Amino acid sequence: MDSAGPENLLAIRTRIAAAQARFGPPPEQVELIAVSKTFDADAIEPFLAAGHRVFGENRVQEAKQKWPGLRARHAGVELHLIGPLQTNKVRDAVALFDVIQTLDRDKLAGALAAEMALAGRRLPCFVQVNIGLEPQKAGIAPADTLAFVDHCRKVHGLDIVGLMCLPPDGLPPGPYFAHLASLGRAAKLTQLSMGMSGDFETAIGMGATHVRVGSALFGGRPSPG
Ligand SMILES: *Cc1c(COP(=O)(O)O)cnc(C)c1O
């Protein structure tokens, strides 16, 4: 797990396929989002060369430094924003990213809708749910999720495609993933972004369609982030 590099792609894809087979019903497509935060363009380049195209970053500023250059060299990149988005970074975010996974408040929904209209880019968005109701974590409370999804669609005209969560650290994540899946079903949303290096197989068992895997692909990060 400590080794880093594109050779890990095959191992992780194999584990994803095994989890899909083990937990079926009919395996849905599970998108592997390679979380490249904290790793520089030189570390990301081999993954692109190996054919991987779907990546996640958690900071707009960092993505702005790395991705325009990488995109110029590799066509077909799909970049997901998986970290908190301040409204003053919405312009850069809409220009840089292809999917916003961290829509977590009304003010941001309004700012995203306005900027997308201006830029002529209607990006798919996931609503981030604070599935463990943790004070230090972002996200809409589970009880408010359905109303918020509806509001984002009807009032702001956003393209809400799914739900995203980060379950509490140090607790078995299964029940939290199951809860997100049930909210997704209630909201008639087909996409669920859940599961990271340590728990993506559990998440797939609960219906994840997008797993966000960083350290199992790129190796350990120097500092939390
Ligand atoms: C860093 C991060 C990940 C990836 O975490 P790993 O444990 O390295 O796989 C996934 N999702 C979010 C929101 C993150 O910030």
Side-chain angles (χ1 to χ4, degrees), residues 1-16 19 30-40 43-44 46-47 52 54-64 66-67 78-86 89 93 96-105 108 123-134 136-140 161-174 176-177 179-181 184 191-225:
M1 201 76 127
D2 270 335
S3 73
E7 66 278 7
N8 291 333
L9 281 167
L10 182 59
I12 297 296
R13 287 198 190 115
T14 302
R15 284 171 58 190
I16 287 173
V30 174
E31 195 76 74
L32 171 59
I33 301 174
V35 176
S36 47
K37 65 185 186 190
T38 78
F39 292 94
D40 63 16
I44 299 169
F47 288 81
H52 197 75
V54 185
F55 292 84
E57 290 282 349
N58 70 333
R59 292 203 171 88
V60 175
Q61 214 52 39
E62 184 186 333
K64 197 179 175 178
K66 297 191 286 193
W67 283 96
E78 182 180 303
L79 196 58
H80 292 240
L81 177 63
I82 61 165
L85 179 54
Q86 307 304 318
K89 300 250 170 66
L96 272 166
F97 288 91
D98 302 293
V99 180
I100 307 290
Q101 290 216 359
T102 48
L103 173 54
D104 62 356
R105 59 200 191 280
L108 179 59
L123 307 187
C125 298
F126 288 73
V127 167
Q128 182 172 356
V129 179
N130 189 351
I131 200 71
L133 275 176
E134 296 173 279
Q136 79 281 15
K137 278 206 183 121
I140 298 290
V161 298
L163 303 178
M164 177 270 205
C165 77
L166 283 154
D169 293 328
L171 291 172
Y176 296 97
F177 294 150
H179 190 186
L180 193 76
Q191 302 187 34
L192 296 171
S193 173
M194 54 190 197
M196 319 202 312
S197 291
D199 56 17
F200 67 87
E201 286 139 318
T202 305
I204 289 168
M206 300 293 169
T209 59
H210 295 67
V211 293
R212 308 179 307 265
V213 177
S215 50
L217 291 171
F218 290 94
R221 286 178 295 271
S223 57

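Whatever order the structure lists them in is the order used to number ligands and atoms, beginning at 1. Model, not experiment: these values are computed from the prediction.
Within ligand 1, counting atoms from 1 as listed, the ones closer than 4.0 Å to a heavy atom of I82 are 11 (N), 12 (C), 13 (C), 14 (C). Close contacts of ligand 1 with V213, meaning ligand atoms under 4.0 Å from a residue heavy atom, involve 9 (O). Short contacts between ligand 1 and R212, defined as distances under 4.0 Å to a heavy atom of the residue, involve ligand atoms 4 (C), 9 (O), 10 (C), 11 (N), 12 (C), 13 (C). Here is the list of ligand 1 atoms found below 4.0 Å of a heavy atom in K37: 1 (C), 2 (C), 3 (C), 14 (C), 15 (O).
Rounded to the nearest 0.5 Å, atoms CG (L32) and CG (L9) are 6.5 Å apart.
A donor-acceptor pair shorter than 3.5 Å cannot be found between the side chains of T209 and E31.
Residues satisfying the ring-ring contact (aromatic ring centres under 6.0 Å, His included) criterion with H52, sequence neighbours excluded, are F55. Partners of F39 according to the ring-ring contact (aromatic ring centres under 6.0 Å, His included) rule, which considers only residues two or more places apart in sequence or in another chain, are F218.
For ligand 1, the polar-atom distance check against S197 finds a nitrogen or oxygen pair separated by under 3.5 Å. For G214, a nitrogen or oxygen atom sits less than 3.5 Å from a nitrogen or oxygen atom of ligand 1, counting backbone and side chain alike.
Using a 4.5 Å cut-off on side-chain heavy atoms (C-beta onward), F177 and L192 make no contact.
Ring-plane geometry between H210 and F126 is classed as perpendicular, the angle between the planes exceeding 60 degrees on a 0 to 90 degree scale with a lower cut at 30.
Residue Q101 places no heavy atom under 4.0 Å from ligand 1.
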